[in-house]
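Lettering of chains follows the sequences in order, A, B, ..., and the numbering in each one begins at 1. In this text, all values refer to a predicted model and were calculated from it rather than measured experimentally.
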There are 2 protein chains.
Amino acid sequence: MPQQRTQQTVKIIPLGGLGEVGKNMLVIEDQGKLLIVDMGLRMPEEDMPGIDYIIPNITFLKGRERDIAGILITHGHLDHVGAIPYLVGKLGSPPLWASPLSKGIILKRQEDFQRQPKLKIAPIEDGKLLRIGPFSIEPFRQNHNINDNFGFVIETSVGKILHTSDFKFDDSPVNDPPTDYERLKRFGKEGVLLLMSDSTNAEQPNHSLSEKVIMENLDEIFKQAQGRIITATFGSLLNRIQQIITLSEKHGRRVAIEGYSMKTNVEIAKQLGYIKAKKGTLLSTSEVLKYPDHKVTILATGAQGEENAVLMRIINKEHKTLRIQRGDSVIFSSSVIPGNERTVQFVKDHLYRQGALVFHYKMMDIHASGHANEDELKELISYLKPKFFMPIHGQFSMMYAHADLAQKEGVAEKNIVIPENGNIINLTKNQVSIDKKTVPSNLIMVDGLGVGDVGEIVLRDRQNLAKDGMFVIIAVVDRQKGTVRGSPDIISRGFIYLRESKDLLRDVRRRVVGIVDRASGTGGAVNWVYVRDQVKKEVSDFLQKKTNRRPMVLPVIIEV
Amino acid sequence: MPQQRTQQTVKIIPLGGLGEVGKNMLVIEDQGKLLIVDMGLRMPEEDMPGIDYIIPNITFLKGRERDIAGILITHGHLDHVGAIPYLVGKLGSPPLWASPLSKGIILKRQEDFQRQPKLKIAPIEDGKLLRIGPFSIEPFRQNHNINDNFGFVIETSVGKILHTSDFKFDDSPVNDPPTDYERLKRFGKEGVLLLMSDSTNAEQPNHSLSEKVIMENLDEIFKQAQGRIITATFGSLLNRIQQIITLSEKHGRRVAIEGYSMKTNVEIAKQLGYIKAKKGTLLSTSEVLKYPDHKVTILATGAQGEENAVLMRIINKEHKTLRIQRGDSVIFSSSVIPGNERTVQFVKDHLYRQGALVFHYKMMDIHASGHANEDELKELISYLKPKFFMPIHGQFSMMYAHADLAQKEGVAEKNIVIPENGNIINLTKNQVSIDKKTVPSNLIMVDGLGVGDVGEIVLRDRQNLAKDGMFVIIAVVDRQKGTVRGSPDIISRGFIYLRESKDLLRDVRRRVVGIVDRASGTGGAVNWVYVRDQVKKEVSDFLQKKTNRRPMVLPVIIEV
């Protein structure tokens with residue numbers, strides 16, 4: 001009776017966000033229908049040169065487009081919505097559900113992509129039940145560092161699945177109501193079969209900082225600052241941006257926003273009423289710079305030392321109007337994303353050299369993560385008392401730590417799963433387990449207009465080209481005489497400074513001519529594939545011996 | 001009277017280690033004679049693919065080889081001795097002074113380099129005065145995380161310069177006498193004209209951790225561990241290695257050392273009596289693995305996730321004999337060097353996946369830096385009461401913070417200089433100042449056998465090749481007819497998967513043929529340079545339009 005079995009088992013298929021920070025996307029399957037939660041992207045790793053983004057692998061959904069009941073969006077950060085323009089069209093444009101701010105961000109971003117199908121986005125409102133296919137869903141507001149962030153209680157045929165979204169508990173947040181603990185307790189009382197919870201900070205002890213503490217510390221810096229204030233943060237940290245605007249107003253400063261992503265987000269949020277500024281507070285940079293220094297705040301992107309962000313352009317003296325001047329206070333209100341430490345250090349050093357005062361989160365609490373620490377994660381589990389637990393959103397070590405917390409809060413070890421992207425989790429009323437079968441989850445890379453066309457081979461070539469460059473040798477061979485005409489051409493980049501390596505090049509040419517002459521001098525048909533391989537091998541070995549480098553050697557033999 | 005002026009001014013020329021962590025080297029010039037302190041290397045930045053090391057720029061010393069009185073070595077870490085094989089020969093092999101352990105490490109490393117002149121290394125002993133040219137030097141033992149580390153009081157014609165080396169204060173160190181505060185106070189009483197002090201941890205609050213605390217925490221892990229213990233640390237952290245050996249003996253474990261650099265260092269240190277192990281404690285890995293799990297310690301390299309280090313090979317299942325097994329405790333006794341965070345996370349994740357328990361410094365104090373924090377730096381200044389102060393060893397922000405500490409301890413602002421590599425610091429009895437003139441300090445990169453031959457151009461090419469690959473087009477043109485023979489050859493790597501881009505390649509070929517035919521069809525002499533530029537431009541634009549990528553386009557036109 002396979003049909004009956006289908007009704008009794010719900011499948012969860014994480015396609016992204018597990019074992020990594022970013023590209024969150026998961027699929028819940030019930031009675032043959034699919035509900036998708038989020039569709040995010042993530043930044044490439046250091047060994048993926050030239051790659052713009054990584055997006056979830058949706059091979060599993062190919063051929064099942066008609067089963068997709070809808071896509072639920074938790075909030076407007078790119079690691080939750082960034083893959084929408086790449087994927088929604090390919091899935092037959094199923095309907096989306098999103099909060100007003102998320103919707104604004106999604107639609108604005110869609111404008112950057114040509115020839116996209118029009119998105120159908122229905123609203124999410126706090127507590128207002130949604131009916132999507134066989135799923136009945138209660139959205140509930142969660143604190144994070146952007147407004148309009150929702151967790152979901154998803155009613156399925158086996159029971160309730162609770163998806164936390166990214167979240168933290170905050171009793172005094174900015175521009176947002178505080179966490180509604182009573183409601184979480186109610187969910188617990190009504191019974192949660194499976195909790196899927198944000199693991200990002202599961203390795204961090206204690207409780208996350210409240211935005212109120214951040215506000216007080218920032219206020220202190222504003223009080224002390226004699227000159228201009230330049231703040232660097234993410235363009236998507238709307239709550240932090242609101243804090244800076246509020247403090248600027250309090251201290252009589254006008255604010256200019258610098259950086260495309262931040263400008264866009266603030267515009268959307270302002271229109272929707274999520275960012276509040278008095279008339280005349282927000283000005284263009286050129287207008288702001290007419291005010292005396294102590295009346296000026298610049299809200300800029302570039303807290304991660306991003307190559308083209310505002311702060312980098314300022315310190316490199318490439319910005320149109322802004323330079324650092326003695327007395328500027330530069331506030332990094334952002335943590336440093338792993339991998340960016342060196343670049344951020346570079347930016348800090350240059351700020352000091354150019355005479356700025358620098359404030360960053362290691363000096364004082366001027367940034368709070370948007371994610372719950374150990375204490376909050378445990379607290380949530382104690383309210384919800386889920387039967388089954390599955391950590392989501394985070395590196396494996398974070399998910400592992402989170403599973404440990406769940407066990408400490410009383411979830412039985414056998415009721416906890418720590419899956420990976422591409423796993424299929426089978427959930428019944430009485431059991432949760434990971435299927436032996438998996439669905440494809442290898443990385444899909446976006447490079448320019450290409451999605452998924454840069455694979456392992458292209459990437460490996462890039463890595464090799466980066467290491468020692470390339471060395472192309474072109475030999476024109478006279479078909480009749482079987483000899484090399486003139487001197488072989490050499491084109492090399494990234495290997496060695498050619499002008500200073502004339503002897504080396506002469507030796508290489510001589511060797512190539514020798515190999516070709518030897519091969520064709522024997523009379524009879526010449527195996528040019530073999531000759532090419534010989535040239536490649538001999539030249540590679542020769543160059544390695546002479547330089548201890550291994551450029552990519554590419555021989556071309558042209559018969560004329 | 002220029003000669004008299006020379007006698008009254010001492011010059012200090014930092015060639016490395018300022019505004020950076022690593023490649024420490026500075027020169028002190030007195031009465032025409034040069035004393036060099038350290039000769040280190042540092043690791044390349046992320047945007048320097050293929051580069052092995054960066055070493056100090058010694059252009060300033062060219063032509064002054066005969067003025068070099070000697071080279072003083074503070075301790076045996078690579079950022080203080082690593083450039084010796086690259087530079088000493090070029091400087092006419094001046095004599096070195098080094099402690100026994102440093103000497104052992106330097107000589108061992110020298111074996112890896114062919115055709116090196118024999119090094120002349122005289123001993124450094126604690127408190128034993130050295131006379132090097134016009135300099136009279138008192139070496140004094142400093143605590144760090146390797147034995148035999150020395151600071152120097154250097155008597156010059158204007159007064160005493162104190163160079164701290166890397167250091168921390170430790171009252172209960174491992175395998176080393178504790179800090180001798182009385183002696184530091186004596187130096188203060190005798191008068192220090194200029195203090196040059198280690199800035200690495202000047203941004204870290206409070207006091208550095210004592211190795212005793214680390215020992216206690218490691219002991220706790222040893223007590224709890226049921227299975228094998230695998231520790232990952234630097235091969236050069238000899239004191240940490242000693243701790244692991246001591247604890248293994250205490251808990252009845254045998255120890256195998258895995259990793260070339262660690263093995264080498266331990267061997268040298270053991271011969272000199274700096275590493276102490278009972279007979280039978282240190283075994284080969286295959287011997288150790290015959291013991292039951294709870295009797296086994298593996299001391300391995302790879303705490304930074306280094307590509308070829310032992311730990312990486314273990315988790316990638318490429319190690320000859322070692323695999324992670326359930327119950328292993330893996331201890332990262334090392335901080336994470338900025339830039340390595342992602343790789344270390346990768347390693348941690350895989351350890352968890354493979355069933356190990358992981359301990360790292362963010363969970364508990366199982367690693368202490370070898371550098372003094374704020375409190376110790378201030379304490380040192382209070383003992384020495386230097387007239388002038390110059391922070392060394394660290395990023396600019398660290399040096400800046402250190403200068404701030406010195407000011408707080410009473411050094412007048414005008415008596416503090418924060419120089420950069422390549423600056424010339426003029427020191428008289430009454431004044432310290434930075435000269436307007438500078439000496440060359442641009443980066444010298446080591447790549448394979450080449451030292452300094454990879455410059456900006458080669459590096460930029462590597463970066464560009466890494467981003468979007470390369471695209472070589474070879475058109476053979478019939479000189480008589482002025483037309484392209486056959487179809488142009490295309491060689492591309494790192495750009496796009498060619499097999500799936502046949503249409504694109506066909507279009508490119510067609511365009512190239514068109515450009516050449518147009519140019520040569522006009523009759524008269526053809527300007528092939530112009531044609532090549534045209535091909536480059538048109539193909540680049542076409543590829544960008546089609547793919548939004550910018551591979552390096554390299555056209556070759558061959559006339560036959």
Side-chain angles (χ1 to χ4, degrees), chain A residues 19 45-46 49-50 203 338-339 341-343 345 348-353 358 362-363 395-397 400 420 447-450 453-455 457-470 472 474 476 485 489 491 493-497 500-501 544 546-549 552 554 556 558 560, chain B residues 19 45-46 49-50 203 338-339 341-343 345 348-353 358 362-363 395-397 400 420 447-450 453-455 457-470 472 474 476 485 489 491 493-497 500-501 544 546-549 552 554 556 558 560:
Chain A
E45 298 287 334
E46 285 154 44
E203 292 179 300
E341 290 79 3
R342 283 201 197 190
T343 333
Q345 179 66 48
K348 264 171 57 186
D349 284 349
H350 274 289
L351 288 169
Y352 278 114
R353 283 194 177 103
V358 180
K362 282 197 176 166
M363 296 164 70
Q395 297 286 148
F396 194 84
S397 72
Y400 183 92
E420 307 259 11
D447 179 0
L449 301 179
D453 66 336
V454 173
I457 298 170
V458 173
L459 209 61
R460 207 170 325 119
D461 282 346
R462 286 185 185 177
Q463 291 160 359
N464 287 336
L465 286 167
K467 252 183 230 161
D468 287 321
M470 54 90 166
V472 178
I474 306 164
V476 179
R485 276 203 191 187
D489 276 309
I491 304 169
R493 292 288 187 280
F495 163 53
I496 210 165
Y497 194 49
E500 291 174 0
S501 316
Q544 166 145 47
K546 287 288 180 183
T547 65
N548 209 10
R549 298 176 200 170
M552 200 181 273
L554 300 163
V556 183
I558 297 171
V560 292
Chain B
E45 297 288 335
E46 286 154 42
E203 292 179 302
E341 289 79 1
R342 284 202 196 189
T343 332
Q345 179 66 49
K348 264 170 57 184
D349 284 350
H350 273 290
L351 289 169
Y352 278 115
R353 283 194 178 100
V358 180
K362 282 197 175 166
M363 297 164 70
Q395 297 286 150
F396 193 83
S397 72
Y400 183 92
E420 307 260 10
D447 180 359
L449 301 180
D453 65 337
V454 172
I457 298 170
V458 173
L459 209 60
R460 207 171 325 120
D461 282 346
R462 286 185 185 176
Q463 291 160 359
N464 288 335
L465 286 167
K467 253 185 227 159
D468 288 322
M470 54 91 164
V472 178
I474 304 165
V476 178
R485 276 203 192 187
D489 275 311
I491 304 170
R493 293 287 187 282
F495 165 52
I496 209 165
Y497 194 50
E500 290 174 1
S501 317
Q544 166 146 47
K546 288 288 179 186
T547 64
N548 210 11
R549 297 177 201 171
M552 200 182 272
L554 300 165
V556 183
I558 297 172
V560 293

A:Leu459 side, atom CG; B:Tyr497 side, atom OH - distance, nearest 0.5 Å: 14.0 Å
Region of A:Val358 in contact with chain B, defined by heavy-atom distances below 4.5 Å: neither
Heavy-atom pair with the smallest gap, counting every atom of A:Ala466 and B:Pro49: O-CB, 3.2 Å
Heavy-atom pairs under 4.5 Å with chain A, option from B:Arg460, B:Met363, B:Gln544, B:Lys467 with the top count: B:Lys467
Value rounded to 0.5 Å, distance of CE in A:Met470 from CG in B:Leu554: 4.5 Å
Among B:Val560, B:Ile474, B:Val476, the one residue meeting side-chain contact (heavy atoms from CB on, under 4.5 Å) with A:Val476: B:Val560
Non-neighbouring partners of A:Phe396 that pass ring-ring contact (aromatic ring centres under 6.0 Å, His included), sequence neighbours left out: none
Top of B:Gly494, B:Gly339, B:Gly448, B:Ser501 for chain A proximity - count of heavy-atom pairs under 4.5 angstrom: B:Gly494
Spacing of CG belonging to A:Asn464 relative to CZ belonging to B:Arg493, to within rounding of 0.5 Å: 11.0 Å
Check ion pair A:Glu203-B:Lys362 (N to O, under 4.0 angstrom): no
Student check: side-chain heavy atoms of B:Gln395 and A:Lys348 closer than 4.5 Å: no
Chain B contact via A:Arg485 - side chain, backbone, both or neither, heavy atoms under 4.5 Å: side chain
Gap between atom CE of A:Met552 and atom CD1 of B:Ile491 - 0.5 Å precision: 11.5 Å
Pick from B:Arg353, B:Gln345, B:Gln463, B:Glu500 with the largest number of heavy-atom pairs that fall under 4.5 Å of chain A: B:Arg353
Donor-acceptor pair, side chain of A:Arg342 and main chain of B:Pro338, under 3.5 angstrom: yes
Approximate separation, where rounding is to 0.5 Å, of B:Ile558 CD1 and A:Asp489 CG: 5.5 Å
With A:Arg549 via side-chain contact (heavy atoms from CB on, under 4.5 Å) - residues at least two apart: A:Asp468, A:Phe495, A:Ile496, A:Thr547, A:Pro551, B:Asp447, B:Asp453, B:Val454, B:Arg462
Backbone of B:Leu449 reached by a side-chain donor or acceptor of A:Asn548 within 3.5 Å: no
Rounded distance (nearest 0.5 Å) linking atom NE2 of A:His350 with atom OG of B:Ser397: 11.5 Å
